[in-house]
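As structure tokens, the structure follows; a few thoughts come after it.
Each chain gets a letter, A, B and so on, in the order the sequences are listed, and its residues count up from 1.
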Amino acid sequence: DTEVTQTPKHLVMGMTNKKSLKCEQHMGHRAMYWYKQKAKKPPELMFVYSYEKLSINESVPSRFSPECPNSSLLNLHLHALQPEDSALYLCASSQAEDYEQYFGPGTRLTVT
Amino acid sequence: AQKITQTQPGMFVQEKEAVTLDCTYDTSDPSYGLFWYKQPSSGEMIFLIYQGSYDQQNATEGRYSLNFQKARKSANLVISASQLGDSAMYFCAMRSYNNNDMRFGAGTRLTVKP
């Protein structure tokens, strides 16, 4: 089973809202990732968690706040976003940091 | 800094024929991994194939093979016997094991014609 699930599939939020994206995997993977993908562009790495600890933060604005409550769950808390933050947010996991990553279907976020 | 280059924004191939998608990379790290992903219009990134920088043989996975030329810093994806379902965006990616940072190329949109 190479399934990574993400909820919600679609999210529309105003600039003053607080919302969270959720990602879950049950493959026993110890590394989890958040990516942002704008239309017709490649994914850009935002955060990496390895063994539930944040190992990479690619200079992402503080209005994005990741959280890894346990080895199966990864959240991305959103607050005071801007319209330019509208994108597809992809979660991925891998056995460890140097293994191939398996992606979820993504959350398509629109900030109004 | 790492850089991945995919010079083909779009490619067309006839069904049942083979196609090669180009990828070149630049890194000063001796240890790295190269990956290819497929992204259909639904948005999900699907892992296809992996090649480690120290692997002596080219990776193969079913109809996918990776033509790895280390001296030229290229890692081209070859898809044999193309199918209509192969129509998608294809991304080449590299991870340096020095910093575990994963970078993607700009992608190539493949269209398989019946």
Side-chain angles (χ1 to χ4, degrees), chain A residues 1-6 8-11 21 23 25 27 29-51 53-60 86-110, chain B residues 1-10 21 23 25 27 29-55 59 61 64 66 75 77 88-110:
Chain A
D1 181 12
T2 56
E3 188 177 344
V4 177
T5 59
Q6 288 187 245
K9 282 188 167 43
H10 300 274
L11 178 63
L21 309 185
C23 174
Q25 57 89 11
M27 296 179 278
H29 288 176
R30 302 317 300 261
M32 296 186 77
Y33 313 79
W34 280 115
Y35 289 85
K36 173 182 178 180
Q37 186 179 23
K38 301 283 278 185
K40 299 185 179 180
K41 296 288 186 183
E44 294 177 352
L45 185 64
M46 299 174 73
F47 301 105
V48 180
Y49 273 84
S50 182
Y51 290 85
K53 292 193 187 321
L54 184 64
S55 70
I56 294 179
N57 175 344
E58 291 282 0
S59 303
V60 179
S86 298
L88 179 68
Y89 288 83
L90 292 161
C91 174
S93 72
S94 63
Q95 190 174 336
E97 280 194 75
D98 54 353
Y99 285 75
E100 68 272 14
Q101 297 175 21
Y102 293 92
F103 284 77
T107 293
R108 200 163 293 279
L109 173 69
T110 303
Chain B
Q2 302 160 215
K3 187 176 178 183
I4 313 293
T5 303
Q6 294 179 254
T7 57
Q8 306 154 315
L21 306 184
C23 174
Y25 59 93
T27 181
D29 292 323
S31 181
Y32 51 88
L34 296 155
F35 305 81
W36 277 93
Y37 284 87
K38 171 185 178 182
Q39 189 175 39
S41 55
S42 58
E44 185 169 354
M45 297 281 285
I46 301 168
F47 167 70
L48 297 178
I49 197 166
Y50 162 80
Q51 180 87 39
S53 57
Y54 293 116
D55 293 342
E61 286 288 346
Y64 304 109
L66 201 152
L77 177 70
M89 195 76 167
Y90 287 80
F91 290 101
C92 178
M94 183 176 75
R95 159 177 275 151
S96 164
Y97 295 135
N98 183 39
N99 60 21
N100 279 320
D101 197 2
M102 182 85 144
R103 301 284 174 177
F104 287 79
T108 296
R109 180 164 296 285
L110 177 67

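Sparse packing is recorded around OH of A:Tyr99, with 12 or fewer heavy atoms of other residues, nucleotides or ligands lying under 6.0 Å away. Annotation: A:Lys38, atom NZ; neighbour count of heavy atoms from other residues, nucleotides and ligands within 6.0 Å is above 12.
Taking CG of A:Leu90 as the reference point, atom CD of B:Glu44 lies at 9.0 Å (rounded to 0.5 Å).
Using a 4.5 Å cut-off between heavy atoms, A:Tyr35 touches chain B through its side chain atoms alone. Contacts of B:Arg103 with chain A are made by side-chain atoms alone, with heavy-atom separations under 4.5 Å and no backbone atom involved. Heavy atoms closer than 4.5 Å to chain A are found nowhere in B:Tyr32, neither backbone nor side chain. Proximity to chain A (any heavy atom under 4.5 Å) is shown, for B:Gln6, by neither the backbone nor the side chain. At a 4.5 Å heavy-atom cutoff, A:Gln6 makes no contact with chain B through either its backbone or its side chain.
The shortest side-chain heavy-atom distance between A:Gln37 and B:Phe104 does not fall under the 4.5 Å cut-off. Contact of the A:Val48 side chain with the B:Met102 side chain is not registered, since no non-hydrogen atoms from C-beta on lie closer than 4.5 Å.
Per-residue counts of heavy-atom pairs under 4.5 Å with chain A were compared for B:Gly33, B:Gly105, B:Ser42; the largest is that of B:Gly105. Interface summary for chain B: among A:Gln101, A:Arg108, A:Glu44, A:Lys41, the most heavy-atom pairs under 4.5 angstrom belong to A:Gln101.
Closest heavy-atom contact between A:Pro43 and B:Met45: CG-CE, 3.8 Å. Here the closest non-hydrogen pair linking B:Phe35 and A:Glu100 is CE2-CA, 3.5 Å.
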